[in-house]
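Data block below; observations after.
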Amino acid sequence: MTNSIRGLFQINPVAWLRNNPVLQRELLVNLRTNRSFLLLLVYQLVLAAVTLIAWPDDDRLDLSKNPPSARRLVDLFFLGQYVIASLMAPSFAAGTISGEKERQTYEMLLASPLKPGSIVMGKLIAALTHLALLIVASLPIIVLFLPLGGVSVYEVAAAYLGLFISVVLFGAIGVFCSSYFSRTSNSLVVSYLLILPLVIGGVLLWQSLAGDGVLRLKVIVLVVPAFAVAAVILMSAAAASRMLYPPDVGSEGKEVIDLEQEAAEAVGLVIQPDQFPDRLFAPPRKETLMEDGANPVYDKEIHGEIFSQGTLMLRLVIQISILLAIPLMGVLLFWQTPNAPWFAVYVIVFNMLVGPVFLAGTMTSERERQTLDLLMTTTLSPWKIFWGKFIVGFRVAFVLTSFLVWPMLLGVGLNTDFYSNWRLIVGMFSIPVVVSVVNAVIAMTASLYQQRTSMALMTTYLALLILYVVPPGAKILSSTLGLSSSIQSGVQVAGVLSPFSALFALPMDENLMRGGNSYPGEPTLVIGYFVSSLLLIVIASMMIRWKLRPQH
């Protein structure tokens, strides 16, 4: 590790940028694709649309005043970019090294005369260049807001500095995770789980310091960069060290890990397949013959396929999620009970991140291994193959999500204020269950229609973001900008697609509101969510059935 850090500091920046073939190749590949131009176009159109909608409609503007609405608009602008950056950075960086293993070019890269530090930094910079271009492209938009007042140029500069630093930090986390996994899907989900607490902390920090602009400037300019630079250096050095002494050389990224040896060397949580509840999501390998009439696809997937790359991802997912769930349980279910639905939001976000990993690659992995045609020529029907893979992926994702339901059940059971809110309790438990089913069906649909696992995974994430995040985000934006009642009513109707909107439409009485007025909720919105979820499942099932129809 020390040699890797020393090697990072010994790099000549100018000569390195000119002569690093990894950086040059990655930049050419990433920036010349149609996807990069399309993404830049969509990003600019969205920002321009928000600016057009938010622009004051007064005939004459009084620039001598500092309206609070302008500050709220600028805060919303930067917070939106911050959340978008946190979502996009891992998608660019999490496959930098694991992608080489999947393409079987990892060992060729190690055999090159390039230093590991140069490879890691080249991958990191190339992965984040496109995202940095998107952020820079938003500068003309924010300049238009400055004449409205409410925010100074220094605050805008500090916000952009914090945004760029966050992007670099999130990218370094993606590269760091990519060096430990041989599958991009695994490194992607672990990256998201590591970034999630940082995003929550960053948003809370920005909002808590809104009343003291000077202190917020000092924190963003001095404290945040120091923390981020140290973390980036340590993670880059660790990734370079993994490439300097690779534990999987000679395997071409296809190694099968001995689970018993991994359990003996594991640090922290150890998964024991022969004990409950570990055997629910990681059953031991079979030592007996398969029973007559059993689904061989299900039997093969549940006992070997998912866990052939080891249990490191599972152990990290469980430990990170539980460590974050414990303080959230104390704060949301005991102290700030009016915010109790936020714990169910955390459970849903966890399933959104983790669930697709076990389902989006079920069919695309067969295509990538060129075994799909061989599988389809067996005596098994396409539907039997589909259900065998679907049940396995859904079972693992649902059991992992259930680990976060136990703290919620504990908090609801120990806090007597919940006893008179049975409708809230039913909603907080039933909505995540419906979300798990919808996420699984969407992920399997994407796996059938895409050719690569990475594209199926990103398609699933994009669909879930549009369905779950866009409606409540549009509602917040419309209320912040003070749009017309007709527009806000239309946005309210679109909220039936989002489980987040349904959670905050659940009723709460005075006991949970802690002295405040009881909240009657919006039963129509909650019922509408369950109906729309059923329709989504029916539509996705029809798409799956059409794809699996017999070919003549």
Side-chain angles (χ1 to χ4, degrees), residues 181 183 185-186 188-190 192-193 196 257 259 262-263 266 268-286 294-295 297-326 328-329 343-362 365 386-413 428-444 447 457 460 464 499 537:
F181 297 99
R183 291 182 180 177
S185 58
N186 293 351
L188 187 63
V189 68
V190 174
Y192 277 130
L193 287 177
L196 180 61
I257 297 176
L259 296 181
E262 184 190 49
L269 174 69
V270 176
I271 294 178
Q272 299 176 340
D274 58 339
Q275 297 183 12
F276 181 86
D278 296 358
R279 65 171 178 263
L280 294 178
F281 63 92
R285 296 189 180 277
K286 288 181 67 68
N295 190 329
V297 175
Y298 172 85
D299 191 79
K300 175 247 187 183
E301 294 279 340
I302 195 64
H303 287 97
E305 175 65 18
I306 291 181
F307 311 102
S308 61
Q309 301 294 322
T311 61
L312 176 61
M313 188 271 284
L314 287 174
R315 291 188 285 112
L316 288 176
V317 164
I318 295 173
Q319 292 177 99
I320 295 172
S321 59
I322 293 297
L323 286 176
L324 188 57
I326 293 175
L328 286 178
M329 178 188 68
F343 193 90
V345 170
Y346 172 65
V347 177
I348 292 174
V349 171
F350 175 84
N351 187 268
M352 287 175 58
L353 296 177
V354 176
V357 174
F358 300 102
L359 289 148
T362 49
S365 61
F386 168 80
W387 280 112
K389 289 180 172 291
F390 177 82
I391 294 175
V392 171
F394 178 76
R395 169 179 167 175
V396 177
F398 187 78
V399 172
L400 292 177
T401 306
S402 300
F403 286 161
L404 300 183
V405 176
W406 285 108
M408 186 164 64
L409 182 62
L410 181 64
V412 170
M428 288 178 60
F429 284 93
S430 59
I431 290 176
V433 172
V434 174
V435 169
S436 300
V437 178
V438 173
N439 293 352
V441 173
I442 292 177
M444 279 296 294
S447 183
L457 192 60
T460 304
L464 296 182
I537 294 174

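Keep in mind that the numbers below use all heavy atoms, side chains included, and drop hydrogens, waters and symmetry copies. Everything quoted here is computed from the prediction, not taken from an experiment.
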Can you tell which of Val349, Ile322, Ile348, Ile318 makes a side chain to side chain contact (heavy atoms under 4.5 Å, CB included) with Leu404? Ile322

For Pro356 and Leu464, which heavy atoms make the closest approach, and how far apart are they? CG-CD1, 4.2 Å

Any chance you could lay out the side chain to side chain contact (heavy atoms under 4.5 Å, CB included) test for Leu400 and Leu314, step after step, and finish with the verdict? CA-CA 9 Å; Leu400 292 177; Leu314 287 174; 3.6 Å; yes

Kindly compute the distance separating CG (Leu188) from CZ (Arg183), expressed to the nearest 0.5 Å. 14.0 Å

Heavy-atom pair of closest approach, residues Phe181 and Val190: CZ-CG2, 3.8 Å

Side chain to side chain contact (heavy atoms under 4.5 Å, CB included) between Phe390 and Val441, worked out: CA-CA 8 Å; Phe390 177 82; Val441 173; 4.2 Å; yes

Within the distance-only criterion (no hydrogens, no angle test), does the side chain of Tyr346 pair as donor or acceptor with the backbone N or O of Ser321 below 3.5 angstrom? yes

Which heavy-atom pair separates Phe394 from Leu359 by the least distance, and what is that distance? N-CD2, 3.8 Å

Just one of Asn351, Val405, Val347, Thr401 clears the side chain to side chain contact (heavy atoms under 4.5 Å, CB included) bar with Pro432, so which one? Val347

Quick check: closest heavy atoms across Thr362 and Met444, and the distance to 0.1 Å? OG1-SD, 3.0 Å

Where is the tightest heavy-atom contact between Ala344 and Met428, given as atom of each residue plus distance? CB-O, 4.0 Å

Main-chain N/O of Ala443 paired with Ser447 side-chain donor or acceptor, under 3.5 Å: no

Between Leu193 and Phe350, which heavy-atom pair has the shortest distance, and what is it? CD2-CD1, 4.1 Å

